[in-house]
Amino acid sequence: MNRRRFLVTGGATLAVASTWGCTIRPGPYPDLHPGAVVSLSAVRRLIVERSEALSGRCRYVADLGGRQVARPLLVARRGERFDAIIENRLPQPTTVHFHGLALAEAQDGAGFDAIAPGASKALRFDVKNRAGLYWFHPHPHGFTAEQVHAGLAGLLVVTDAEDEALDAALGLVTGNRLALAVADARVASGSLRPYTPSDEDCLHGWFGNRALANGALDARYPVSIGWVRLQLLNASNARGLLLGFKGNGRDGAGVPFHLLGTDGGLLAAPIPLEEVFLYSGERVDIAIDVSVRREIAAVSLAFDPRHQARGGRLAHRHPARGHFPPLSAETVCAPGAARNAADFLPDGGELALFKLNVSGAGKPAPALPARLSSLPEAAEPAGATPRRMRLDFDERLGFLIDQTPYRLDEIAFSVGRGAREVWEIRNSPISMPHPMHLHGFSFRVLRRQATFGPARRLAIHGSGRLPTDLGVKDTVVLWPNETLWLAVDFALPEEAAFSGRQRYMFHCHNLEHEDGMMMRNLAVL
Ligand code: C2O
Ligand code: CU
Ligand code: CU
């Protein structure tokens with residue numbers, strides 16, 4: 001019982017029971033060490049603010065009706081309700097987008113109606129998704145990259161019966177389940193550099209030289225012998241991670257792990273791995289047996305990121321950018337603003353992420369369960385004509401979907417409510433990896449074709465799929481030259497609540513590309 005209570009670093013138990021809404025039964029929730037764990041339904045106001053305490057960086061503050069928790073880690077049982085006021089205290093417009101959740105347009109926070117500086121908005125929805133790691137972040141077009149990088153990336157852990165059964169089967173002890181957002185930042189002389197992308201950064205993405213885990217540099221987490229369950233989000237603006245673990249042996253040999261789940265929850269069965277790609281917006285759920293080591297370092301291993309597009313002079317062109325001050329700098333995408341070699345590590349460079357310090361306590365890891373969930377194998381809808389999309393590069397405009405720069409008021413295409421479609425998405429050979437994300441709906445990867453580079457050797461199926469392709473996805477990376485086929489199910493979880501036309505976005509989750517127009521709207525009718 002105790003290990004499933006809410007814990008914060010330092011061991012204080014949060015007294016949240018009295019703040020529960022009347023409809024939702026409290027817990028049990030996993031012990032997600034560390035962080036200020038707050039149940040989704042306990043939030044009355046979600047404040048978006050700059051903080052002088054964080055030297056001008058931004059944060060979410062959850063107001064629980066009397067008590068405030070900065071940078072909350074939200075937890076919800078499937079079915080739980082969020083009913084709160086979003087308060088924008090930034091000098092720019094913002095939204096709160098719950099990435100991965102199945103929500104109506106009005107709740108999606110996609111940026112169709114951003115909250116003005118100083119304004120508030122009521123937001124109410126029920127969580128329909130499978131258990132898994134979801135997250136929330138700003139989505140006001142033209143300001144997304146800057147705001148996320150300023151610290152606005154919060155985690156939402158959704159649990160259900162399968163999720164609980166897994167914790168029990170793993171015999172997890174207190175502290176051995178973590179939910180972490182990993183992001184890179186530019187750090188020089190111990191301080192974070194503000195977000196000042198050059199035109200080249202806007203083309204390839206903003207890459208830093210150090211990793212933050214839940215906002216902390218050099219993060220270390222004490223864990224006990226046995227299984228550790230990690231739910232990880234890549235919250236970087238642009239950096240792809242090739243996640244691996246190193247032991248503290250003489251050679252720092254790789255530590256194997258098991259992939260348990262992806263963006264939209266648990267796989268049918270665990271997959272043993274030594275490395276896995278995790279691009280911006282993607283999540284993995286993994287189990288790692290820490291029994292025979294004192295210290296384990298999570299790293300992004302070196303890889304060739306295949307940035308093949310060169311040239312191009314880009315600027316964030318969203319007109320609203322001129323009307324609001326930057327959060328922390330004067331210039332954004334300024335021509336010629338040079339990168340500083342001291343705080344820049346190219347995409348694909350080896351990067352230390354965080355460490356696990358293993359104490360002697362705990363007990364040996366039991367056998368992993370052979371089945372994790374009832375997730376069926378991905379199925380191709382019969383007779384569907386694929387909807388084709390192309391990711392391309394334009395020297396003047398940068399990366400685009402179907403040669404078309406994003407427009408807030410345009411609908412690229414409409415789909416019928418409940419339709420089951422196949423999307424055939426092709427990345428051009430002169431390109432770079434693009435993590436493509438769909439709002440509101442999850443999808444399954446059917447196959448990959450013409451994969452080259454480091455992803456190719458990780459393909460585990462005749463279909464060319466990567467290990468993470470076997471789960472439920474809302475964000476998937478396309479390597480240069482690849483074609484992907486996705487099965488997208490437009491069934492809405494609760495028809496009545498979503499009646500009428502609903503608009504959603506499909507975009508690259510490299511946030512410089514997203515702000516840089518690599519995005520389209522679609523409508524569900
Ligand atoms: Cu994580 Cu459209 O966003
Ligand atoms: Cu999203
Ligand atoms: Cu992209």
Side-chain angles (χ1 to χ4, degrees), residues 94-105 107-112 114 125 129 132-145 147-149 152-156 181 183 201-207 233-240 263-264 278-283 305-309 312 314 347 389-394 397-402 405-406 408 425-428 430-443 473-480 482 484 502-522:
T94 197
T95 71
V96 178
H97 168 58
F98 280 85
H99 178 131
L101 293 193
L103 300 174
E105 175 185 323
Q107 277 77 44
D108 189 45
F112 292 116
F125 61 80
N129 292 67
L133 179 65
Y134 300 90
W135 64 300
F136 52 104
H137 64 79
H139 216 293
H141 186 54
F143 301 89
T144 299
Q147 292 184 10
V148 173
H149 189 266
L152 295 173
L155 297 178
L156 167 64
D201 293 327
C202 290
L203 177 61
H204 291 275
W206 168 267
F207 300 104
L233 158 72
N234 182 348
S236 303
N237 279 38
R239 180 178 296 278
D263 304 346
L278 188 65
Y279 265 79
S280 304
E282 290 188 298
R283 290 89 71 204
R306 296 176 57 77
H307 287 238
Q308 298 175 332
L314 298 188
D347 196 17
M389 274 172 260
R390 169 125 194 186
L391 314 181
D392 30 37
F393 175 67
D394 178 291
L397 298 170
F399 294 106
L400 299 173
I401 301 171
D402 287 333
Y406 181 69
L408 202 64
I425 311 172
R426 166 132 200 243
N427 194 0
S428 88
I430 305 301
S431 188
M432 58 178 274
H434 296 292
M436 301 304 296
H437 169 54
L438 175 64
H439 283 216
F441 303 88
S442 56
F443 51 81
K473 297 292 289 171
D474 55 55
T475 309
V476 69
V477 67
L478 275 94
W479 293 81
E482 260 189 337
L484 253 73
Q502 304 290 325
R503 289 174 300 170
Y504 294 98
M505 291 173 173
F506 178 62
H507 63 84
C508 180
H509 219 290
N510 175 318
L511 298 181
E512 282 70 38
H513 293 179
E514 175 180 340
D515 277 339
M517 310 292 178
M518 194 176 186
M519 179 151 79
R520 304 296 302 271
N521 298 324
L522 56 128

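First listed ligand is number 1; within each ligand, the first listed atom is number 1.
Among all heavy-atom pairs drawn from Leu155 and Phe136, the shortest one is O-CE2, 3.5 Å. Here the closest non-hydrogen pair linking Ser236 and Ala183 is OG-CA, 3.4 Å.
Among the backbone and side-chain atoms of His139, none of the N, O or S atoms lies under 2.8 Å from atom 1 (Cu) of ligand 1. With a cut-off of 2.8 Å, atom 1 (Cu) of ligand 1 has an N, O or S atom of His99 in range. Taking backbone and side chain together, His137 holds an N, O or S atom under 2.8 Å from atom 1 (Cu) of ligand 1. Residue side and main chain included, His439 places an N/O/S atom under 2.8 Å of atom 2 (Cu) of ligand 1. Backbone or side-chain N, O or S atoms of His97 do not reach atom 2 (Cu) of ligand 1 at under 2.8 Å.
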Worked check of side-chain contact (heavy atoms from CB on, under 4.5 Å) between Met517 and His141: CA-CA 9 Å; Met517 310 292 178; His141 186 54; 3.8 Å; yes
Test log, rule side-chain contact (heavy atoms from CB on, under 4.5 Å), inputs Ile425 and Val476: CA-CA 11 Å; Ile425 311 172; Val476 69; 5.9 Å; no
Would Met436 and Leu478 count as a side-chain contact (heavy atoms from CB on, under 4.5 Å) here? Give the steps. CA-CA 7 Å; Met436 301 304 296; Leu478 275 94; 3.7 Å; yes
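For His437, the N/O/S atom at the shortest distance from the Cu ion (ligand 2) is named NE2. Atom 2 (Cu) of ligand 1 lies closest to atom NE2 when only the N/O/S atoms of His507 are considered. Within His97, the N, O or S atom at minimum distance from the Cu ion (ligand 2) carries the name NE2.
Aromatic pair Trp135/His437: ring centres not closer than 6.0 Å.
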